[in-house]
Amino acid sequence: MGVDGDGERLGGPGELGRRERDILALERRGFSGPGAKERAIREELGLVPVRYYQLLNALLDDERALACDPVTVNRLRRVREGRRGER
């Protein structure tokens with residue numbers, strides 16, 4: 001197990017790290033009201049939203065994330081592809 005550039009512990013080979021699992025868990029939740037998700041990102045994960053979304057986007061391309069939470073990852077991949085198609 002190693003440490004990433006932000007000092008977070010990484011999972012072993014084939015495993016997601018804690019922060020990666022926490023990001024997926026946050027994405028499974030529903031948020032009511034404007035700003036609720038961004039507030040949770042800052043308070044629970046200690047990240048600014050821009051960094052969170054960078055990490056999330058990279059996580060969606062990670063096969064370990066798909067193996068860990070296929071429903072959430074596939075849903076988010078569909079949303080991402082839909083947004084790319086709008087551009």
Side-chain angles (χ1 to χ4, degrees):
M1 215 179 286
V3 176
D4 72 7
D6 293 323
E8 294 291 324
R9 293 184 68 94
L10 301 173
E15 297 176 16
L16 292 177
R18 179 184 173 124
R19 180 169 53 185
E20 294 162 322
R21 292 188 310 270
D22 289 346
I23 289 171
L24 290 176
L26 193 130
E27 284 298 322
R28 282 192 298 272
R29 293 171 34 194
F31 293 94
S32 60
K37 183 175 183 179
E38 286 72 18
R39 188 169 34 259
I41 291 167
R42 290 177 191 278
E43 293 174 2
E44 296 174 25
L45 301 178
L47 295 169
V48 295
V50 170
R51 180 66 177 142
Y52 171 84
Y53 288 111
Q54 290 171 339
L55 293 169
L56 176 61
N57 195 47
L59 194 53
L60 295 182
D61 295 325
D62 190 328
E63 292 303 315
R64 298 172 304 157
L66 183 62
C68 178
D69 191 345
V71 173
T72 300
V73 171
N74 282 324
R75 177 179 57 83
L76 294 171
R77 284 179 174 179
R78 284 191 303 273
V79 169
R80 181 175 67 178
E81 289 305 313
R83 287 184 180 148
R84 285 182 178 165
E86 293 173 2
R87 293 181 189 174

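For E81, the side chain to side chain contact (heavy atoms under 4.5 Å, CB included) test picks out R84, with sequence neighbours left out.
Of all non-hydrogen atoms in R77 and D62, the two that sit nearest each other are NH2-O, 4.4 Å. Closest non-hydrogen pair, R21 versus L16, comes out as NH1-O, 2.5 Å.
A distance of 11.0 Å separates CG of L56 from CG of L47, quoted to the nearest 0.5 Å. Interatomic distance, CG of D22 versus CG of L55, reported as 11.5 Å (0.5 Å rounding). Atoms CG and CZ, from L60 and R75 in turn, are 9.5 Å apart once rounded to the nearest 0.5 Å. Considering CG of N57 and CG of L76, their distance stands at 10.0 Å, rounded to 0.5 Å.
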Side chains of residues 23-33: which donor-acceptor pairs under 3.5 Å do they make with residues two or more places apart or in other chains?
from, atom 1, to, atom 2, distance (Å)
E27, OE1, K37, NZ, 3.2
E27, OE2, K37, NZ, 2.8
E27, OE2, Y52, OH, 2.5
R28, NH1, D69, OD2, 2.4
R29, NH1, E44, OE1, 2.6
R29, NH1, E44, OE2, 3.3
R29, NH2, E44, OE2, 3.2

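Linking ILVMFWY side-chain heavy atoms closer than 4.5 Å, directly or via other members, places V48 and Y53 in two distinct hydrophobic clusters.
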